[in-house]
Amino acid sequence: MNLTVDVPGAAELLKIHPETVKRMIHKGELPAAQVGRAYVMMTKDVLDFIENAVIRETAARMRRPSKSPKPRRQVTAS
């Protein structure tokens, strides 16, 4: 695996559109450097972003109370 990726490479790793990667860079969510007209990112930074998102979202799901099944109506014989 390469040490660096460009916007299309990061988009492929993240499974998102390249324009979304650019927005994430501008918001400071993904570390990147502009070299000429192109952005370059460390592959490990992109993978770290994915790993942190998985950890954060999994933890959030674990904190949510699980949905209890609806109580069943009891049928009584007449």
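Hydrogens, waters and symmetry mates are skipped; everything else that's a heavy atom, side chains included, is used. All residue numbers refer to positions in the sequence shown, counting from 1.
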* **From OG1 (Thr20) to CG (Leu14), nearest 0.5 Å** => 9.5 Å
* Summary of salt bridge (Lys or Arg N to Asp or Glu O under 4.0 Å) pairs that have at least one residue in residues 29-57, sequence neighbours excluded -> Lys27-Glu29
* Consider only side-chain heavy atoms of I, L, V, M, F, W and Y, link residues closer than 4.5 Å, and tell whether Leu13 and Val54 are in one cluster. => yes
* To do: Following the transitive rule for hydrophobic clusters with a side-chain heavy-atom cut-off under 4.5 Å over Ile, Leu, Val, Met, Phe, Trp and Tyr, establish whether Met24 and Met42 coincide in one cluster.
  => no
* Asked: Which other residues end up in the same hydrophobic cluster as Val40, if Ile, Leu, Val, Met, Phe, Trp and Tyr are linked when side-chain heavy atoms come under 4.5 Å apart?
  -> Val35
* Structure fact -> By side chain to side chain donor-acceptor pair (under 3.5 Å), Arg61 pairs with (sequence neighbours left out) Thr58
* Asked: So, do Val21 and Val46 sit near enough that their side-chain heavy atoms are less than 4.5 Å apart?
  -> no
* Asked: Partners of His26 by ring-ring contact (aromatic ring centres under 6.0 Å, His included), sequence neighbours excluded?
  -> Tyr39
* Distance in Å, Ile50 CD1 paired with Ile55 CD1, rounded so as to fall on 0.5 Å steps -> 12.0 Å
* Asked: Thr4: what forms a side chain to side chain donor-acceptor pair (under 3.5 Å) with it, not counting sequence neighbours?
  -> none
* Asked: Between Ala32 and Met41, which heavy-atom pair has the shortest distance, and what is it?
  -> CB-CG, 3.5 Å
* Asked: Does Leu3 CG have over 12 foreign heavy atoms under 6.0 Å away?
  -> no
* Which residue pairs pass the salt bridge (Lys or Arg N to Asp or Glu O under 4.0 Å) test when at least one of the two sits in residues 12-22, sequence neighbours left out? -> Glu19-Lys22
